[in-house]
There are 2 protein chains.
Amino acid sequence: MTQDTATNPLDPVILGHCAAEERTFTREMLTRVGDRWTLVVVAQLRDGPARFTELLTRIEGISHRMLTQTLRCLQRDGMLTRTAYAEVPPRVEYALTPLGRTLLEPLAALIQWSNTHREEVAAHRDDFDR
Amino acid sequence: MTQDTATNPLDPVILGHCAAEERTFTREMLTRVGDRWTLVVVAQLRDGPARFTELLTRIEGISHRMLTQTLRCLQRDGMLTRTAYAEVPPRVEYALTPLGRTLLEPLAALIQWSNTHREEVAAHRDDFDR
DNA sequence: CTGGATCCTCGGCGATACTG
DNA sequence: CAGTATCGCCGAGGATCCAG
């Protein structure tokens, strides 16, 4: 490969100087993180497991359908676990896995960025809209 | 618990313990970063300015319409500059601003994460789909 | 309570045609 | 060459109903 592709992660992934699999996966992850509910769900599980209805209640605005879908997606990727208890009525608990937690760290950096630059961006927008 | 809420950016932003403005803006930024073209455009400008058609050619799959839209969006936020030269035929150059470049840093962390954990996630998926 | 399946709407995006 | 406006399609996602 080219010499510096290893040093800056942006080069290989975004510019295409790497395996198609990696590019695809990275795009997929960015899309995930950028979608409406993934992060909210993950954040809700950060301090401990929660049940389905519990999440549905706590997360304002999410629909039944999207919660299911988001949970399945995260579960499939090994970001969270689903534990069904054989009771009536059924009880299901979702919990973040260690892998799921590792994602929170790089995300924090991005969130930090947005907090730091919010006003600067807002100023640019006002200027542009004038 | 409560004491470390200030140190972990995830708490205020995602969990809602902060100003609505900040939450909204953070969501907006995550959506931006997660959309199909923003990062690709930014990456293309990383090594220097480029013209409209140049970008259109280099970025495989992007439509005329989406390139315009993506560029306007980034320009409005002060992430890039648009310079039109009074010539015939017209020439317009787009260039990343310092603000735009600062965004690349936290993004690299996320991209790094996806590279590191790609195979692990893939394994989970295979397992789940079985 | 959990979660699948179905229907239906709405908005994003590509294609295209048109201005400066 | 660069950019806007219009149209039409397609799919994401909400509402709802059914099942275990």
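Naming convention: chains lettered A, B, ... in sequence-line order (proteins, then strands); numbering from 1 in each chain.
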Rounded distance in Å - [atom1] ([X]) to [atom2] ([N]):
| X | N | atom1 | atom2 | answer |
| --- | --- | --- | --- | --- |
| Leu67(B) | dA15(C) | CG | P | 14 Å |
| Gln69(B) | dG14(C) | CD | P | 9 Å |
| Glu60(B) | dG14(C) | CD | P | 14 Å |
| Leu55(B) | dG3(D) | CG | C1' | 14 Å |
| Tyr85(B) | dG3(D) | OH | P | 13 Å |
| Leu56(B) | dA15(C) | CG | P | 11 Å |
| Asp35(A) | dG11(D) | CG | C1' | 15 Å |
| Arg36(B) | dG11(D) | CZ | P | 16 Å |

### Query
Just checking, is any N or O donor in the side chain of Arg82(B) or Gln75(B) under 3.5 Å from an acceptor N or O on the other one?
no
### Task
Ignoring hydrogens and angles, state whether a donor on the side chain of Arg27(A) or Thr31(A) is under 3.5 Å from an acceptor on the partner side chain.
yes
### Message
Around atom CD of Glu60(A), are there more than 12 heavy atoms from other residues, nucleotides or ligands closer than 6.0 Å?
### Response
no
### Query
Distance-only, no hydrogens or angles: does the Arg58(A) side chain make a donor-acceptor pair with backbone N or O of Gln44(A) under 3.5 Å?
yes
### Query
Do Phe52(A) and His64(A) make the cut of ring centroids closer than 6.0 angstrom?
yes
### Message
Using heavy-atom distances to pick each residue's nearest nucleotide on DNA chain C, tell me which of Arg91(A) and Ser63(B) is more 5'.
### Response
Arg91(A)
#### Entry: Where protein sits on nucleotides 3-8 of chain C, one letter per nucleotide: B base, S sugar-phosphate only, - none, heavy atoms under 4.0 Å
BS-B--
### Query
When we call it a touch if two heavy atoms are under 4.0 Å apart, what does Arg51(B) touch: a base, just sugar-phosphate, or nothing?
sugar-phosphate
### Task
In plain terms, say whether Arg130(A) and Asp127(A) are close enough for a salt bridge, that is, a side-chain N and a carboxylate O under 4.0 Å apart.
yes
